[in-house]
2 protein chains.
Amino acid sequence: MPDSPAPGRTVTATALNDFIRAAFEACRLPTADAQRIAGLMVEADLIGADNHGVFRLAQYVRRIKAGGVAVHADIAVIKETDSTALVDGGNAMGHLVMHRATELAIEKAAQRGVAWVGTRNSNHAGPAALYAAMPLKHDMIGLYIAVGNANHMAPWGGIDMLLSTNPIAIAVPTHEEPPVVLDMATSVAAYGKVKGAAQRGEMMPEGWMMDRQGRPITDPKRADEGFVLPIGSYKGYGLALLFGLLAGTLNGAAMGKDVVDFNADDKSATNTGQLIVALRVDAFGPVEAFKRSVDRVVREIRNSARLPGVETIRLPGEQSYAKRQARRAGGIPLHPNLVTQLDKLADQLKIETLPAA
Amino acid sequence: MPDSPAPGRTVTATALNDFIRAAFEACRLPTADAQRIAGLMVEADLIGADNHGVFRLAQYVRRIKAGGVAVHADIAVIKETDSTALVDGGNAMGHLVMHRATELAIEKAAQRGVAWVGTRNSNHAGPAALYAAMPLKHDMIGLYIAVGNANHMAPWGGIDMLLSTNPIAIAVPTHEEPPVVLDMATSVAAYGKVKGAAQRGEMMPEGWMMDRQGRPITDPKRADEGFVLPIGSYKGYGLALLFGLLAGTLNGAAMGKDVVDFNADDKSATNTGQLIVALRVDAFGPVEAFKRSVDRVVREIRNSARLPGVETIRLPGEQSYAKRQARRAGGIPLHPNLVTQLDKLADQLKIETLPAA
């Protein structure tokens, strides 16, 4: 690799895992917890959720150091029925809370057919797809909803940013096809895309953001003057609101004006709320028959006629699946800016820098 | 009321109920079933779901007469776990199937905390909000998803109409505020809106429909040349697909190319699939505290700052709630064309015409 001012670096999943684990251990997280988080963050990078994997490490470390996130996880089930549970995350890293919540949902669904587990006092847990996909290997469908960790959206017709772009992920198992995994924010463009455009000095298309007079914002440097727009105007607003009530308010977690902007504030506990539903496929019929039916729908769509100029009709989760294969084999490419940041972090935490593959 | 060529007519909920019941009785449905459907259809008209109430009566009757819908309901639970069930509707009217499915979901959720009930061999059941709202009076949250009864949407990038505008409804109980009830299709505009614009001779805004070359269709008379567009482009496509897999494929119901266009075909069983989830609020905390928290979020949003020219920030379900109050008191207004159609239907079925309030 050339020794240029800001080279990128391609790293193996194993090396990335070790680096992230070491970083959290240096922050005094127990090794098992550090390893758990590292595994999930690497998975985020493998599936191409580049804004939700190691990209977040420096921020996570900053929040831990500032006391905004608890180092010793005290995650407890504080309310329970046969098919539901409420998990209090004790302000632990969101990955730990959601991993625990999802395992519990899978256990309960195995017993009862379906389970719905909510969290409070959790934190940012990476991409929604991670948790929705966990039930897949148990031949279950997963559904995950979270309250986002910064309010970038206003109610439809309003200008006060009272809503986050609350995401949903749904994962459905397949037979031979890649699993169908939808993972989407309820805004037209995730806020990360706005920040990305700003970094690259690019303009945004109309429809991403609006200012407080209702005019489109196309210059991402003006992002502070407005808010991101919901998909389908009032419909996406409705989804963001209802997802917030289900994943936040119902669990006693932050929603609306109580949401802490975790980009601006390292110290306050976010009281993040999430929910995970696990549903047994065999509660509705034979598992293989279902998976084959999903394959059939997938192929029907993939092989259907296309608009002029369109080369491929994609299925949700297909690109992540391909990326995961490619990155497992060829490594995970990291942007030069990220490499610089991680090398600095290694220095600060006195851990070894992340080696190139 | 003036005796003009095509006057509208305002009718009481009771008169409308009696008329619809009589129509289904004339089609040889058992009185209890006829009454059940009438009650739900009137509720649809009361909440302002004008395309899903008595507006559909002539079509329902036509399909029953053509043998497309079963007259004697044989609705059976064919698979069951503690918290799930699969209901085979036996091709009965969708209202009967979904009413049964929702009652079962509520019973099971009362026992286990949450329940997920799917249907197959069901039919069009009116507006999604009807079933999502049924759990409310039990202090439960309701979530309903259905496979629509005609494919008006293509996969993103495609031109084959393999998807319906599969709707979702979510209902959340409140303390003093109207319940929060979201009821939306996954397309920018429901197909009924396109038909409405055609009837009124109006043009459509860009973004509702696209033709097979990818150009916007703004003349609703050209609707046959294209398809409706999903909210948030590929995101709404993803939602429609996943909702179809959950409400259709999982239940062994129609999805993708198997969906029967029930507007064009009166005879084929639609094998409609739906799903209802009921979730006990008290499985997560005290009911009243939750309802007060939802009220707080609702008021926070309603009272937030508005864009220039915006008079009111609306909450999902608020307008339906107000309409219901108004129509309970002042009657349900029916469009002249609908009145003509219903008078003809009365004549055909040899039942009394619907009296004005």
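Hydrogens, waters and symmetry mates are skipped; everything else that's a heavy atom, side chains included, is used. Order of the sequence lines fixes the chain letters, A, B, ..., with proteins taken first and strands second; residue numbering starts at 1 for each chain.
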Open item on the list: Under a 3.5 Å distance rule, please check whether A:T84 uses its side chain to pair with a backbone N or O of A:E80 as donor and acceptor.
Closed with: no

Below 4.5 Å from any heavy atom of chain A, which atoms of [X] appear? Answer side chain, backbone, both or neither.
| X | result |
| --- | --- |
| B:V188 | backbone |
| B:D282 | backbone |
| B:R280 | side chain |
| B:L246 | side chain |
| B:L279 | side chain |
| B:R212 | backbone |
| B:E311 | neither |
| B:A185 | both |

TODO: Check the side chains of B:S122 and B:T272 for a donor-acceptor pair under 3.5 angstrom, ignoring hydrogens and angles.
DONE: no

Task: Distance, nearest 0.5 Å, that separates CG of A:L242 from CE of B:M184 - done: 9.5 Å

Task: Interatomic distance, A:L143 atom CG to A:I170 atom CD1 [nearest 0.5 angstrom] - done: 4.5 Å

Task: Heavy-atom proximity to chain B below 4.5 Å, by part of A:I301 - done: both

Open item on the list: Quick check on the 6.0 Å ring-centre criterion: do A:H152 and A:Y191 meet it?
Closed with: yes

